[in-house]
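For reference, the structure is listed below as structure tokens.
If you're wondering where the values come from, they're calculated on a predicted model, not measured in any experiment.
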Amino acid sequence: MSYPKELLHEYEELILDLHPHWWMLVKGIAPLVGSVILGIIVLGFNWPDPVKLLVALLVLVGLVYFLRVFLTWASTDFVLTTDRVVYRSGIIAKRGIEIPLERINTIFFEQRIFERLLGLGDLQIESASKDGAQVFDDIRKPSAGQNEIYRQMELNDRRNFDRLGQQMAGATPAPAPAEAPPSIPQQIEHLSQLRDKGVLTDEEFQAKKAELLGRM
């Protein structure tokens, strides 16, 4: 079951969507295989019916346990997006952790020799959250996951810087202060110039002048 696309934010892209390593399924496969082999032996040697019934019950319990482990594996997601790290687990009762990339401080991974041969390990993410460090078990190729998280953190920082620059560039400039209208003496002086140029007659000049003086 992949991570639902409708849970992604606007402009958010999915980078990694991983189930735990297949080694997690061995814990459910081993008891089932063991009980089935025991059942074959019991049937082959025709053991008493009570023993057959007990072994059949063991096979049923092994099958139920395997289904539980498989569903847990299928419902556990380690997700990396362009904005955050998400970890979800649980069949009926869900448990989820989200860590924004900008809040991640340090990432560690740990692999034992056997885990290194199989390509799995544990990933520890330290963040500036109230929960502090979070440990994620049975991650596929944890070193590659660590590098990809660091790469997405750098790209996320660049995007945030670009958005800030765009916001600053698109800021509306403050309006220029309105110029004060010319005073009445300045207007009379302008009318006098128009009269001297012949644009206004002397009568028109006197009429406008009287009108302006009446406003004082």
Check your understanding: Run the side chain to side chain contact (heavy atoms under 4.5 Å, CB included) check on T82 and N156 step by step: do they pass?
Key -> CA-CA 7 Å; T82 52; N156 186 60; over 6 Å; no

Exercise for review: Could you walk me through whether I99 and I125 pass the side chain to side chain contact (heavy atoms under 4.5 Å, CB included) test, one step at a time?
Suggested key: CA-CA 9 Å; I99 307 175; I125 299 178; 4.1 Å; yes

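Sorted by first and then second residue, the side-chain hydrogen bond (donor to acceptor under 3.5 Å, both in side chains) pairs involving residues 60-71 (not counting sequence neighbours) form an empty list. Each ring-ring contact (aromatic ring centres under 6.0 Å, His included) pair with one or both residues in residues 78-107, not counting sequence neighbours, appears once here: F78-F136, Y87-F136. Pairs passing the side-chain hydrogen bond (donor to acceptor under 3.5 Å, both in side chains) check and including a residue from residues 37-49, sequence neighbours excluded, read N46-K52.
In this structure the side chain of I97 never reaches within 4.5 angstrom of the side chain of V86, judged on heavy atoms. No side-chain heavy atom of E126 sits less than 4.5 Å from a side-chain heavy atom of I107. Side-chain contact between I149 and L80: present, with at least one pair of heavy atoms (C-beta onward) separated by less than 4.5 Å. Counting heavy atoms from C-beta on, the side chains of R140 and H19 come closer than 4.5 Å.
Considering only residues two or more places apart in sequence or on other chains, T81 meets the side chain to side chain contact (heavy atoms under 4.5 Å, CB included) condition with L8, E12, L14, V79, D83, R84. In this view, Q152 and E148 satisfy the side chain to side chain donor-acceptor pair (under 3.5 Å) rule, not counting sequence neighbours. Evaluation of the side chain to side chain contact (heavy atoms under 4.5 Å, CB included) rule for I40 yields V36 as partners, not counting sequence neighbours. N147 is linked by a side chain to side chain contact (heavy atoms under 4.5 Å, CB included) to nothing, counting only residues two or more places apart in sequence or in another chain. Taking the side chain to side chain contact (heavy atoms under 4.5 Å, CB included) definition, one finds that L25 meets it with I29, V69, F70, W73, sequence neighbours left out. By the side chain to side chain donor-acceptor pair (under 3.5 Å) test, R95 pairs with no residue at all, sequence neighbours left out. Take Y150 and apply the ring pair (Phe, Tyr, Trp, His ring centres under 6.0 Å) test, not counting sequence neighbours, and it matches no residue.
In this structure, F114 shares a hydrophobic cluster with W22, W23, V26, L118, L120, the cluster being traced through Ile, Leu, Val, Met, Phe, Trp and Tyr side chains under 4.5 angstrom apart. Taking Ile, Leu, Val, Met, Phe, Trp and Tyr as members and joining any whose side-chain heavy atoms lie under 4.5 Å apart, directly or through other members, L54 forms no hydrophobic cluster with any other residue.
Contact record, Q111 with E115: CA-OE1, 3.7 Å, taken as the closest heavy-atom pair. Closest approach of L38 and V55 over heavy atoms only: C-CG1, 4.0 Å. What you find for P142 and D122 is that their closest heavy atoms are CB-O, 4.3 Å.
Not a single donor-acceptor pair under 3.5 Å links the side chain of T76 to the backbone N or O of S89. Judged by distance alone, the side chain of R103 and the main-chain N or O of A128 form a donor-acceptor pair under 3.5 Å.
Summarising the geometry, atom CG belonging to L117 is positioned 13.5 Å from atom CZ belonging to R112; distances are rounded to the nearest 0.5 Å. Here CZ of R159 is found 11.0 Å from CD of E154. Values are rounded to the nearest 0.5 Å.
Cluster membership check: V135 does not share its hydrophobic cluster with L16, using side-chain heavy-atom separations under 4.5 Å among Ile, Leu, Val, Met, Phe, Trp and Tyr. Placement of V64 and M24 in two distinct hydrophobic clusters is found when ILVMFWY residues are connected by side-chain heavy-atom separations under 4.5 Å, directly or transitively. Hydrophobic clustering places L63 together with I37 (ILVMFWY residues linked when any side-chain heavy atoms are closer than 4.5 Å, directly or through intermediates). V59 and V51 fall within a single hydrophobic cluster, where Ile, Leu, Val, Met, Phe, Trp and Tyr are joined by side-chain heavy atoms under 4.5 Å apart, directly or via other members.
Remark: R116 CZ is loosely packed, at most 12 non-hydrogen atoms of other residues, nucleotides or ligands lying under 6.0 Å away.
In this model, no donor atom of one side chain and acceptor atom of the other lie less than 3.5 Å apart for N160 and E102.
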